[in-house]
Each structure stands twice: as C-alpha cells, then as structure tokens.
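Labels below follow one simple rule: chain letters A, B, ... track the order of the sequence lines, proteins then strands, and each chain is numbered from 1.
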Number of protein chains: 2
Amino acid sequence: MKEGPSIAQIAALAGDPARANMLAALMSGKALTASELANEAGVTLQTASSHLGKLEGGGLIAGVKQGRHRYFRLSGGDVAEMLESMMGVAARAGHLRTRTGPSDPMIRKARVCYDHLAGEMGVQLFERLTALGHIAGRDADVHLTRRGEDFAAKFGVDLQALAAQRRPLCKTCLDWSMRRHHLAGSLGAALLERLYALKWATRDKHGRAILFSRSGEAKFAKLLAR
Amino acid sequence: MKEGPSIAQIAALAGDPARANMLAALMSGKALTASELANEAGVTLQTASSHLGKLEGGGLIAGVKQGRHRYFRLSGGDVAEMLESMMGVAARAGHLRTRTGPSDPMIRKARVCYDHLAGEMGVQLFERLTALGHIAGRDADVHLTRRGEDFAAKFGVDLQALAAQRRPLCKTCLDWSMRRHHLAGSLGAALLERLYALKWATRDKHGRAILFSRSGEAKFAKLLAR
DNA sequence: CAAATGCTTCGACTACCATCGAAGTATGAA
DNA sequence: TTCATACTTCGATGGTAGTCGAAGCATTTG
C-alpha cells in the first residue's frame, strides 16, 4: 500500500558491484564510453551494455551517441551527491571492505566530486569561505553574501552567467572522507574551473584526484588566509 | 575504483523493497520494533528478522533490546541523509510516489506501551519527574528519590505493594514516536493505573491510544507544573 | 564495396537471495 | 510453573538477476 519502491529501485541500481564501479568512475565528471566503463567494472561489453541500459533507464546516467561511440555521464549533480553520501556511510559503517588503498591519500586530499572540489581541500575551502563571511547559512541551506560576491568576482567568477543558469548557485555536499560539508552548486563548479584556468591545479588523467601544484597550493592557502 | 564495492554493498542493502520500506519507516527518526517493521515492509517476522540482521550488520541501523522487544533505529544522520538523497534522485527520475500520511496524531500524543504511558505525554511525564527531582539517574539506570516517594504516595500509589513485586520499580523505555525515554516499570504501570482510576484518561477500545479528558489533561499538567 | 570497430540483442546457464514454514530461545504474564 | 508474546535460526524452495557466447546492427575506415 505504502509505495516506497522508488528508493529501492534507485538503490538496487547502485547495488550491483559492476554498476557501482561504473558510477564511481563517472564521479570524475568525465563522460566515458561503454567500453571504458566495461573495463572499469571488469565485465564484458555485453554485460556492461545491459548495465548501462538499466542505469540509463533508471535516470542515473545519460548517454550520448557520438560516431560509433556512446558516451555516458552522470545525469546530474544530485546523483553524484547521492553517491558521495553512500561513500560516507560506507566509510563510517563499513568494516565491510578492506582499508583504504595506497592511492588514497591523494584522493582524500583533493578530488573531483562531479564538477566541484572535494576532500580536505574542498572542506577547507567551504569552511574558510564561511569563516570569512563570504558564505552564510548552515549545513544544507547556504547562500553567498555581498562580501562573497565581491570575493568571487575578484577571483574571476562570472556570477551573472551563473545566475542565468537554473542550477542553484550555492549548495553543500557531504564529503565522504571528511564527514563534513563542502561547496557544490554552480559556484563550486566555477571555482574549480578557475583553479584549472589559473593552473593552480590539474586533473589526474586516470582517477578522480586533483593535483595541486606547489605554488598553486600556496596561493590557494593565501587566498583563504585573510 | 577501489571504493566501488563498498558503496555497492551499502546500496544493495537499501536495494531490496522490504528493506527499503523498513528504512523509509525509520526515516521518521522513531525507533520501531521488529514486528512493526515487518508489518511496514509487508513480510513475515522471520523474513524481517533476516533483513534487520543484514541492515544491522551493514551498519545502517542499530538495534536495542528492551524487554522482549527489539527497537531499531537508523544508526546515524548520515544514513538518513543518504536515503533522502536517494529520494531526491528518485523524484527527479520520476519514480517517486509520496509517502502516505502521518500516523494517527492521537497515537502520537498518548498511548499504552504495554502497561504504562507513552507518547508525548509519557515523555513529558518522565522528564518533568526528573526535573522536579522525583527521579534521579540517566537514561537506563534510574531510581526514585525520597522526594519522589512522597510524590508517588501523595498521588495514590502504593509503593509497598510495588516493592513486593519482583519487577523493577523504575525503568525507562525508548519512546518510538518521541525517540526519547519515558517511564516504565511497576511505577510507570501504577501511575497509568492512577490516571485511569482518577478518570483523567481512558483507554481507546480499538487502538493503543490513551484519551485524556479535557480536565484530566489540565490536572495532569498542573501535577507536573510545580 | 569490404573489413574493422563499437555497441546491442538474444539465449542459456548459474548463483544468489528473498521468502516462509517449522522449530528454538528469551522475556513477560498469569 | 505454565502459557503467551517477541524474536531468531534453520532448511527448503522458487524466482530473479548477473554473466557471457554468439549473432546482429551501426558507423567508420580503407
């Protein structure tokens, strides 16, 4: 009678190891082909195709056909957020799996969460912005202050362009490794873009890590020092 | 890439319809018994027990044994947040049907918990008795003070008769609608008996609700006012 | 055109898991 | 003690979903 299968359906989609690996790979924000995802998940192309069909049917991913390839990406930031929260629960509750691997310190320090900065640096960014009075509000409900607008503009973010989007400007996302919030939304995405543009950081080609240059990290720290 | 399996396990736990219904029911923040959750999920008690074991083993819920009941609650706010984000994704993907209405307000306000008062009034009773110094101790381990003995005697409770029972005088019980403790034990039962005897309240014939008369509720409030 | 690559569909096999009956344990009630 | 209730464990069953081989489009390349 009480219909609650919706969350069961969504969870079941992410509940298969192969599909979970695909989703995790897509967390980088990149669009990947079916073959690449099959390789990520460790299954054959046929199996992967079946999984991708289900994920697309469930609205978790979106596929774009380009030539003889088909590129898949997460259908939206909310999916990334859901996956992040799952990782958070898994990290806290889970003596389910082995301890963190060797490549993890980098992932833990700075990584892409869909399209914005996550990890220690992400949490630091959010908390400093809050402490400096650039962002106001708590936890879920936050907004940019006047001073924050000046800060963003000075940093090279085109706020008018962001405002034109339907997408929310400020949003928070629970960081699975830190268990604290970091900044998401179009502002979070724009700030990460600026980090790339300023060459303070680059993206790891193979994983989700964000690699700060030494000078970039220093400038980042100085930016938030005040 | 290594983090895939763990999120798959977490998601798989929520991916079964029966378990998803249980988790949705626990989203209210209330602690529910295994029977209630079985009923909520539409499965037998045996099946429910299996599911609850898995959810507990996965760290999504925590169980507290209380008498012959076992109360389950979500293990933390992060689990609730994860479920919420799943609902968000489900809603956007067009799978969601809104959850059916809230439970009976009367049940929430005052009801019988075996033989003692539970619900808002039950929690209020316990907390006021504690605040007035009639009951001392915390959470699980509580006892009646000297002043409390006077109070009980004045209210018409035969403490000697209660002391003669093997049953503990003071006990606390986790309130499923309030998520806080209320008074159980022979004293809790005796106080409820007095409420009936004084005609401050009567018991609903068909349900677990306790119906306070208007004057009864006023006297009850005055009793705890001091 | 033909060959190669990328992906999807079909079919069959397999393994897992949810489910429930029955029996067992624990706590409370009479 | 004896009965009742709440829950757990065991065992058997049935359905379902993941998996891959083989074949079938579709697109690009030569």
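When the C1' atom of dC7(D) is taken as reference, atom CD1 of Ile61(B) falls 14 Å away, rounded to whole Å. What separates CZ of Phe72(B) from C1' of dT8(D) is a distance of 10 Å, to the nearest Å. Rounded to a whole Å, the OH atom of Tyr71(A) is 13 Å from the C1' atom of dT5(C). Per the geometry, CG belonging to Leu45(B) stands 10 Å off C1' belonging to dT5(D), to the nearest Å. We find that CG of Leu52(A) is positioned 15 Å from P of dG6(C), with the value rounded to whole Å. Per the geometry, CG belonging to Leu13(A) stands 14 Å off C1' belonging to dG18(D), to the nearest Å. Distance CG (Asp16(B)) to P (dC16(C)): 17 Å, rounded to an integer number of Å. The nearest whole Å value for the distance from the CG atom in Asn21(B) to the P atom in dA18(C) is 14 Å.
Comparing Gln46(B) and Ala12(A) along DNA chain D, the residue whose closest nucleotide (by nearest heavy atom) sits nearer the 5' end is Gln46(B). Looking at which nucleotide of DNA chain D each of Arg68(A) and Ala34(B) is closest to, the 5′-most match is held by Ala34(B).
Under 4.0 angstrom from either OP1 or OP2 of dT28(D) there lies no side-chain N or O belonging to His69(A). Of the side-chain N and O atoms in Lys65(B), one or more sit less than 4.0 angstrom from OP1 or OP2 of dT27(C). Within the structure, every side-chain polar atom (N or O) of Lys54(B) is placed at least 4.0 Å from both OP1 and OP2 of dC17(C). Within the structure, a side-chain polar atom (N or O) of His51(A) is placed less than 4.0 Å from OP1 or OP2 of dT19(D). Phosphate contact (OP1/OP2 of dT8(D), side-chain N/O of Arg70(B), threshold under 4.0 Å): present. A sub-4.0 Å separation between OP1 or OP2 of dT19(D) and a side-chain N or O of Thr47(A) is absent. Phosphate proximity of dA18(C) to Arg19(B): present, with a side-chain N or O under 4.0 Å from OP1 or OP2.
With respect to Glu36(A) and Lys30(A), no salt bridge is recorded, no charged nitrogen being found less than 4.0 Å from a carboxylate O.
Minimum heavy-atom separation, Leu37(A) to Leu32(A): CD2-CD1, 3.7 Å.
Here the side chain of Asn39(B) pairs no donor or acceptor atom with the backbone of Ser35(B) at under 3.5 angstrom. Arg73(B) contributes no side-chain N or O that, together with a main-chain N or O of Ala62(B), makes up a donor-acceptor pair within less than 3.5 Å.
Looking at heavy-atom distances under 4.0 Å, Ala18(A) makes contact with sugar-phosphate atoms alone, never a base.
To the nearest 0.5 Å, the span separating OG on Ser186(B) from CG on Leu159(B) amounts to 8.5 Å.
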